Amino acid sequence: MSRTIATSDQKPKPRPGIVGGHTLSMHVNNQPGVLMRICQVFARRAYNIDSLVVSQGRDPRFSRLTLGISGDPAGLDQIIKQCAKLVDVIHCTEHTPADAVVRDMVLVKVRAEGGERRTEVLQIIEHFGGKTVDLTENSMIARIEGDSEKVDSAIRLLSNYEIIETVRTGKVVMARGEQPT
Amino acid sequence: MPKEQLDGAQALIKTLDELGIEYIFGYSGGAALPIFDALETVKSNIKFVLTRHEQGATHMADGYARATGKPAVVLVTSGPGAGNTITGIMTAQMDSVPMIVITGQQVTWMLGKDAFQEADIFGITIPVVKHNYLVRDTNDLPRIAREAHYIATTGRPGPVLIDVPKNVSQSPFAGELNAAIDLPGYQPDEAFDIDEESVEQAARLIAMSRRPVILAGHGAMIAGAEKELMHLATTLGCPVTNTLLGKGAFPETHALSLGMLGMHGTAYANKALCECDLILNVGSRFDDRIIGQADKFGANAKIIHIDIDPSEMNKMIRPDVQIVGDAKAALKLLSSHLKPLDTADWLAHLDGYKKKFPLSYKKQGGLRMQQVLDELFDLTKGKAIVTTDVGQHQMWAAQFYRSDASWNFISSGGAGTMGFGFPAAIGAQFARPKDIVVAVVGDGGFQMTLCELATAVVNKLPVIVLVLNNHYLGMVRQWQELFFDNRESGVDLDGNPDFAKLAEAYGATGLTLKRPADIRKRLEEALKARKKGPVVINAECIKTENVFPMIPAGAALESMLIEPPKHKMEKPVGST
């Protein structure tokens, strides 16, 4: 049986000296244990992994990782070099929105029991270019994608209604133009 | 004739033999049975040394590597056997020492089921290895052994662990013994491709300097850059200081040498660092023991940092010029740009410091570790391989046993591992049987690994163990005296055995030294007795002597205490 705990939409408390929003992209060997090595580099230096997307690359020997991280900005350069130094890491690069396309996706399950409320929820979803991917008498699941700020705004507006749960992919990035990621 | 059928373990031993592995230090156990059997069934040049504890095996492999530059192999069983190697692996990783550790493991289908002597040694060791493997396919063993050797010995060296489940080692081998390595994420050859622009920039800074200092670290030695370093120093007329692990990269008895810098370095080295206008760091990672307070280190100097590991750049110190790459290759490039500097005034100034603040000690009032080490240096003409534990004796050994050649001073620097010295001396003695090897240890550290006396006796090793016995954890006591109102806590080693008698019980020679007048005699006796096997000298030293100079942890080099302070000291807050 799954355990249910009370959750809320509170913003995380600001932590002094900690800056979030950094996005790293890594090309790594597709093997058990590789993620453990990478996570230890961050944990030891008190960096938090805010989002993590891993998937097999076109060449199945390798995987592509996108990490959203927060921590002391003075240590970021070190973190990147420490990751790049791992034998299993082919390369590790930081990307900013200026040099890369960033996409994030959320599935939001909202309680919407008919009538006006339901129409309002549908309007918000439509405004953000989202889609309803599941619809029942009492609830619906919306899929909204875009950059992380857009996804944040959509969730904020929908939270005026009753959000049952959200599941978010976390950021994926790709370098713009012909630059490799 | 049909090809002989090998099992995985045999393929592994054959590969290690082909890689030129000379020694395996280890301890047997259930999960490693097939590999131990392969040591008997495969004809090879590998010699196996049975230790008395797995930690001892790792320090022996470490001592072997630091005496030769070549890796040895550690072979242990799963679970506790593997767990006992961690301190030794961490020690090697912190000091960039090549090592291959092979651990037996439960059979693959029992992994994750809390089977007998199962430990996730792959997961446990990730933070303390350069790389590690859990082998799941018998046919991968030779490739992985080759990769482990390649990773351990190239670039910035380090330990590599291979975890081998029992079914993987005992299954028939059907792969390729010469399988090529496949490491797309590891390109150590890039270290020989030095950025010429950085070198030219460095040369311009050097040309403008009037008060330069070269800082030689372990990296200079690992790269084999001793000749280039000598050429650089003598061409420029530049004084050289060295780190603890850099002892020998530049001869410490040379007129241009300032000896070791840092927390317990020479006063003149530290003063030179404070007053210089240029620091040329060749293969040191700017450890916290040498920089003190990072933002005050070299505040008035241009800093050039040569390091093979890009992640060392800007880690502790922001250099003016970064040269990422092999120290030898970098110095070779640099040498073509160099002209003699006008450093006569600077050298005369530093000579003044050498005369004013020499390393010294009192010769009256009991036996001092400094005097024992000073006389050991004279008697062996500085040619012995000296290994140490960690603490006061280590710092005095570094100060008084000056090193003129690489690979002769073997000490746990980064990890600060007590119990390292004696097993490391065993490894060094195996590596260089003709050399005099002296393990300089404290009474605390020696008791952590002294079970290896059996290993030394069985192998008739002519190793000398010099126990500098003050019945204290002396360095901690020194801190308690200086910073904690002399409140002694957890430092009194009441209950020490008579180390000379203990040595005799193991079948080694035991000697006792109590008076300064007997130092030379006792050391000569030891040098004679070693021909029969290991010798332990129990040197009963003054209990409460302190090491100076001293820079309190995290303080700037300017805060160096050359002699005992007359006022109460603040507790250090930076570093430990």
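Below, read A as the first sequence line, B as the second, and so on, with proteins coming before strands; counting in each chain starts at 1. Computed from a prediction, not measured in an experiment: that's the story for all the values here.
The number of heavy-atom neighbours closer than 6.0 Å to CZ of A/Arg176, taken from other residues, nucleotides and ligands shown, is above 12. Dense packing is recorded around CG of B/Asp295, with more than 12 heavy atoms of other residues, nucleotides or ligands lying under 6.0 Å away. Within a 6.0 Å sphere centred on CD of A/Glu126, other residues, nucleotides and ligands contribute 12 heavy atoms or fewer. Within 6.0 Å of the CZ atom in A/Arg44, the count of heavy atoms belonging to other residues, nucleotides or ligands does not exceed 12. Counting heavy atoms of neighbouring residues, nucleotides and ligands inside a 6.0 Å radius, atom CE of B/Met316 exceeds 12 of them.
Between chain B and the residues A/Lys85, A/Arg37, A/Gln40, the largest count of heavy-atom pairs under 4.5 Å involves A/Arg37. Contact count against chain A (heavy-atom pairs under 4.5 Å) is highest for B/Ser311 among B/Ser311, B/Pro127, B/Gly123.
At least one side-chain heavy atom of A/Asn29 sits under 4.5 Å from a side-chain heavy atom of B/Pro184. Between B/Met313 and A/Lys81 the shortest side-chain heavy-atom distance falls below 4.5 Å.
Here the CD atom belonging to B/Gln187 is positioned 8.5 Å from the CD1 atom belonging to A/Ile90, to the nearest 0.5 angstrom. From B/Asp309, atom CG reaches atom CD of A/Gln82 across 7.0 Å, with rounding to the nearest 0.5 Å.
Looking at A/Val87, both its backbone and its side chain come within 4.5 Å of chain B, counting heavy atoms on both sides. Using a 4.5 Å cut-off between heavy atoms, A/Ile80 does not touch chain B at all. Heavy-atom distances place the side chain of B/Ile151, and not its backbone, under 4.5 Å from chain A. Interface residue B/Asn132: backbone and side-chain heavy atoms are both found under 4.5 Å from chain A.
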